[in-house]
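Quick notes on the structure that follows.
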There are 2 protein chains.
Amino acid sequence: MALAHANPADAESGRERILHRAAELFLARGYAETSLRTIADAAEMRPASIYYHFESKDHLLTEILDRGIDGVMTAFDEAEKRVEGVTDGRTRLNAHVAGHMHALFANQVFTAAHITIFPFIPDTVRARAVPQRDEYEARWTELLEGIATQLPKQAVAYIRLSLFGAMNSSLHWFDPANGTVDKLAAAIVATLWNGIESHQ
Amino acid sequence: MALAHANPADAESGRERILHRAAELFLARGYAETSLRTIADAAEMRPASIYYHFESKDHLLTEILDRGIDGVMTAFDEAEKRVEGVTDGRTRLNAHVAGHMHALFANQVFTAAHITIFPFIPDTVRARAVPQRDEYEARWTELLEGIATQLPKQAVAYIRLSLFGAMNSSLHWFDPANGTVDKLAAAIVATLWNGIESHQ
DNA sequence: CACCTTACCGAACGATCGTTAGGGTGACAA
DNA sequence: TTGTCACCCTAACGATCGTTCGGTAAGGTG
């Protein structure tokens with residue numbers, strides 16, 4: 001008889017399988033639209049088994065959201081290390097935008113799922129995620145204020161929101177198979193930095 | 001005894017009340033997350049009464065989506081009339097961005113609901129809305145290609161997507177009470193056109 | 001060997017969902 | 001007065017939802 005987990009793809013533990021398949025389904029169809037039976041099917045187990053690993057559907061969602069935030073937080077840390085000592089604002093901005101975008105399009109879908117379904121999750125779960133999101137937002141505010149020192153803070157806040165809109169909305173249309181994430185990140189920074197005018 | 005509809009706010013017909021309250025609820029909580037009982041409560045009637053006006057929950061959603069597309073289509077037409085004969089690209093772009101933003105933040109929430117919940121609606125309803133969305137997209141492509149004639153079409157496509165991201169994501173953070181929609185539209189165009197560099 | 005833990009399962013619970021059948025009422029026309 | 005129609009109702013249907021209960025098989029530990 002064959003060993004369990006003979007297929008390397010099955011090496012993932014049951015708990016990890018639930019998390020990944022659930023995040024993929026939440027990203028594609030939404031939270032309320034995805035039943036635990038669908039998740040269980042995708043994770044190759046029965047619905048009741050999910051309750052061995054998670055207290056409730058909301059707790060499963062909470063862990064997915066947490067991993068999503070961790071993804072961009074880690075990307076931010078790594079980008080900061082990569083441009084340590086660099087003074088050129090555009091280079092530093094580019095590194096961080098690329099980091100955020102890589103987290104978005106990484107094969108681990110937690111960050112993409114977090115950003116996409118956040119507005120439609122139950123109030124209690126959302127309330128718990130807000131402080132974590134605020135912290136990430138604050139790091140970007142600090143970064144951008146350090147780069148655009150001449151701009152008033154309100155303008156920086158607008159640039160941050162506009163940048164987030166550009167970065168996150170790319171989830172809905174950009175296909176990493178048709179172009180590298182780094183190039184997309186560079187294009188977003190270019191649009192923000194130079195605008196159309198410099199191209200004409 | 002008081003007349004029915006004595007309150008001017010009640011002058012809305014039952015059908016219109018259902019459409020408006022449902023669009024508001026879908027925008028705030030999502031489609032699957034909003035039950036017909038919740039919609040009926042908001043429209044001050046019983047769940048079964050909704051079926052006098054609409055064939056099903058999906059048909060109700062379909063009409064809301066249609067009105068949302070109509071909102072931006074009409075805004076596009078009006079913007080085109082407003083800048084008829086104008087050759088300056090930025091002025092023309094500004095008018096259309098302002099039109100789109102006004103449709104987004106108008107008190108009729110159909111456009112905002114359409115854009116926000118579109119990724120999470122049932123497949124059959126989404127499939128029906130795709131051609132309408134493609135048509136609106138094509139009008140923007142034509143507009144932008146006419147403005148940025150020197151740019152390759154692929155670059156224009158990117159600019160359009162980036163612009164849509166900037167415009168639509170403002171729904172999640174911009175509060176019309178804290179600044180006019182026109183100013184936000186102008187700021188989005190300025191970011192796209194001049195970028196950070198011209199500010200420093 | 002007994003005993004515990006890990007990881008899962010089948011079956012069913014109550015709640016809620018979209019939906020339907022059938023009835024009532026007031027306005028208005030004949 | 002009677003009939004028609006628009007509009008809304010009460011009550012309940014079957015389906016699906018998240019969840020719970022009581023298991024069981026495998027593997028480690030003493």
Side-chain angles (χ1 to χ4, degrees), chain A residues 1-7 9-23 25-26 28-65 117 120-126, chain B residues 1-7 9-23 25-26 28-65 117 120-126:
Chain A
M1 180 184 162
L3 287 171
H5 308 316
N7 183 337
D10 296 341
E12 231 178 8
S13 77
R15 191 169 198 280
E16 287 300 310
R17 240 164 42 229
I18 296 169
L19 281 163
H20 280 89
R21 297 301 95 74
L25 288 164
F26 290 167
R29 312 181 197 180
Y31 179 67
E33 292 84 352
T34 305
S35 74
L36 284 175
R37 284 163 178 84
T38 306
I39 297 170
D41 273 357
E44 291 170 284
M45 55 175 68
R46 301 313 129 208
S49 307
I50 293 176
Y51 284 83
Y52 173 75
H53 298 286
F54 300 95
E55 236 182 86
S56 68
K57 193 188 179 190
D58 280 6
H59 280 80
L60 169 57
L61 172 62
T62 297
E63 183 154 342
I64 288 172
L65 295 182
I117 66 177
F120 304 111
I121 60 180
D123 292 341
T124 53
V125 184
R126 190 170 48 245
Chain B
M1 181 182 164
L3 286 171
H5 308 316
N7 183 338
D10 296 341
E12 233 177 6
S13 78
R15 192 169 197 281
E16 287 300 311
R17 239 164 42 229
I18 295 170
L19 280 163
H20 280 88
R21 297 299 95 73
L25 288 164
F26 291 166
R29 310 180 198 181
Y31 180 67
E33 292 84 350
T34 305
S35 74
L36 284 174
R37 285 164 177 83
T38 305
I39 297 170
D41 274 357
E44 291 171 285
M45 55 176 67
R46 300 313 130 207
S49 306
I50 293 176
Y51 284 82
Y52 175 76
H53 298 286
F54 300 95
E55 236 183 84
S56 70
K57 194 189 178 189
D58 280 6
H59 280 81
L60 168 58
L61 172 61
T62 297
E63 182 154 343
I64 288 172
L65 295 182
I117 66 177
F120 305 111
I121 59 179
D123 291 341
T124 53
V125 184
R126 191 171 46 244

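The sequence lines fix the lettering, A, B, ..., with proteins before strands; numbering per chain opens at 1.
Whole-Å rounding puts the Asp41(A) CG to dG10(C) P distance at 12 Å. Atom CG in Leu36(B) sits roughly 17 Å away from atom C1' in dA15(C) (whole-Å rounding). What separates CD of Glu12(B) from P of dC8(D) is a distance of 12 Å, to the nearest Å. Atom CG in Leu60(B) sits roughly 15 Å away from atom P in dC17(C) (whole-Å rounding). dA11(C) atom P lies 19 Å from atom CE of Met45(A), rounded to whole Å. The CG-C1' distance, from Leu61(A) to dG18(D), rounds to 14 Å in whole Å. Between the C1' atom of dC7(D) and the CD atom of Glu44(B) lies a distance of 15 Å, rounded to the nearest Å. Distance, Glu16(A) CD to dA7(C) C1': 15 Å, rounded to whole Å.
With a 4.5 Å cut-off on side-chain heavy atoms, Ile121(A) and Phe26(A) do not count as touching. Contact of the Leu36(B) side chain with the Tyr51(B) side chain is registered, since non-hydrogen atoms from C-beta on lie closer than 4.5 Å. Here the side chains of Ile117(A) and Ile64(A) are not in contact, with every heavy-atom distance at 4.5 Å or above. Considering only heavy atoms from C-beta on, Arg15(A) comes within 4.5 Å of Phe54(A) through its side chain. In this structure the side chain of Glu33(B) never reaches within 4.5 angstrom of the side chain of Thr38(B), judged on heavy atoms. Within the 4.5 Å cutoff, side-chain heavy atoms of Tyr31(A) are placed close to those of Asp58(A).
Within residues 46-56 of chain B, the residues having any heavy atom under 4.0 Å from DNA chain C are, by residue number, Ala48(B), Tyr51(B), Ser56(B).
Residues Ile18(A) and Ser35(B) each lie close to DNA chain C; by heavy-atom proximity, the contact nearer the 5' end of the strand is made by Ile18(A).
Ser56(B) and His59(B) share a side-chain donor-acceptor pair at under 3.5 Å.
Taking CG from Leu19(B) and OG from Ser13(B), the interatomic distance works out to 8.0 Å, rounded to the nearest 0.5 Å. In this structure, CE on Met45(B) lies 5.0 Å from NE2 on His53(B), to the nearest 0.5 angstrom.
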Check: protein-nucleotides 22-29 of chain D nitrogen or oxygen pairs below 3.5 Å:
none

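Surrounding CZ of Arg29(B) are at most 12 heavy atoms belonging to other residues, nucleotides or ligands under 6.0 Å away.
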- Task: Evaluate the side chain to side chain contact (heavy atoms under 4.5 Å, CB included) criterion for residues Ile39(A) and Leu60(A): first the C-alpha distance (whole Å), next the side-chain angles of each, then the deciding distance (0.1 Å), finally the verdict.
- Result: CA-CA 11 Å; Ile39(A) 297 170; Leu60(A) 169 57; 4.2 Å; yes
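Axis angle between the ends of the helix from dC1(C)-dG30(D) to dA30(C)-dT1(D), five pairs each and rounded to 10 degrees, works out to 20°.
Among the heavy atoms of the strands lying under 4.0 Å from Thr34(A) are primed sugar atoms or P, OP1, OP2 only; no base atom is included.
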